[in-house]
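Just below is one structure, and these are the notes that go with it.
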Amino acid sequence: MINKNNWIDISVPLQKGMVVSRSDIKFHIERRCFIEKGDVTNNSNIHMSVHTGTHIDAPRHHFVDGKSIDQIPFDVVIGPARVIEIHDEAAIKIEELEQQSITKGERILFKTKNSQRCWQKNTFSPDYVYITQEAARYLADAEVKLIGIDYLSVGSRAETAKTLPETHKILLSAEVWLLEGLNLAGVAPGNYNFICLPIRLMQADGSPARAVLQLV
Ligand SMILES: [Zn+2]
């Protein structure tokens, strides 16, 4: 969705029935006050995992003493970002990254086949494009600030199933913050202004976030 100031919303809608990771609870929103029924206000409750939809993983997600989401530097989530298109239909591998001249401090958002393929379905897509462990090491060594991906995890389904989330650990231990659950279907590769603020959930391992890009 593009508005008048060329801001593009790359977050996914939070709504009943939305796809979540298999380990997470379903997203739930419920109105408890209704003006039309005589209440003074409309008021709703939500019940969800902090890893639902577009969200940021903090190092605390995989490390007991890791930084929590309230400790994220604003500099990580506000500034220039580069959308890189990945052509490999299975995974983000070093071979494609090496062609991109990735430099220290960059915010990188990967547009993969996931944006077109996975978000169109009402059920979880286990064959999403993920970041290989080798590519994660490459990105950690490059000292990027933030990595974004267009489905619900940076790591493969097999990693998660074996509870060996190495891709997450490699990146989070290097303090690369992870932005998961983007939809980049309508976004061309290139450079953008980027804002993505997680909410201030104290000591939490992650948080939902609104992510927007502006053409530069
Ligand atoms: Zn997450």
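Both ligands and their constituent atoms are indexed starting at 1 by order of listing.
Looking at Glu180, its N, O or S atom nearest to the Zn ion (ligand 1) turns out to be OE1. If you look at His51 and ask which of its N, O or S atoms sits nearest the Zn ion (ligand 1), the answer is ND1. Looking only at its N/O/S atoms, Asp57 has OD1 as the one nearest to the Zn ion (ligand 1).
Residues Phe124 and Cys118 form no side-chain contact, since every pair of their non-hydrogen atoms from C-beta on lies 4.5 Å or further apart. Annotation: side chain of Asn114 is not in contact with side chain of Leu184 (no heavy-atom distance under 4.5 Å).
For the Zn ion (ligand 1), the N/O/S atoms of His61 include none lying under 2.8 Å.
Atoms OG1 and CD1, on Thr167 and Ile147 in that order, are 11.5 Å from each other to the nearest 0.5 Å.
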Check against side chain to side chain donor-acceptor pair (under 3.5 Å), Asn43 and Arg31: CA-CA 6 Å; Asn43 196 333; Arg31 280 266 291 283; over 6 Å; no

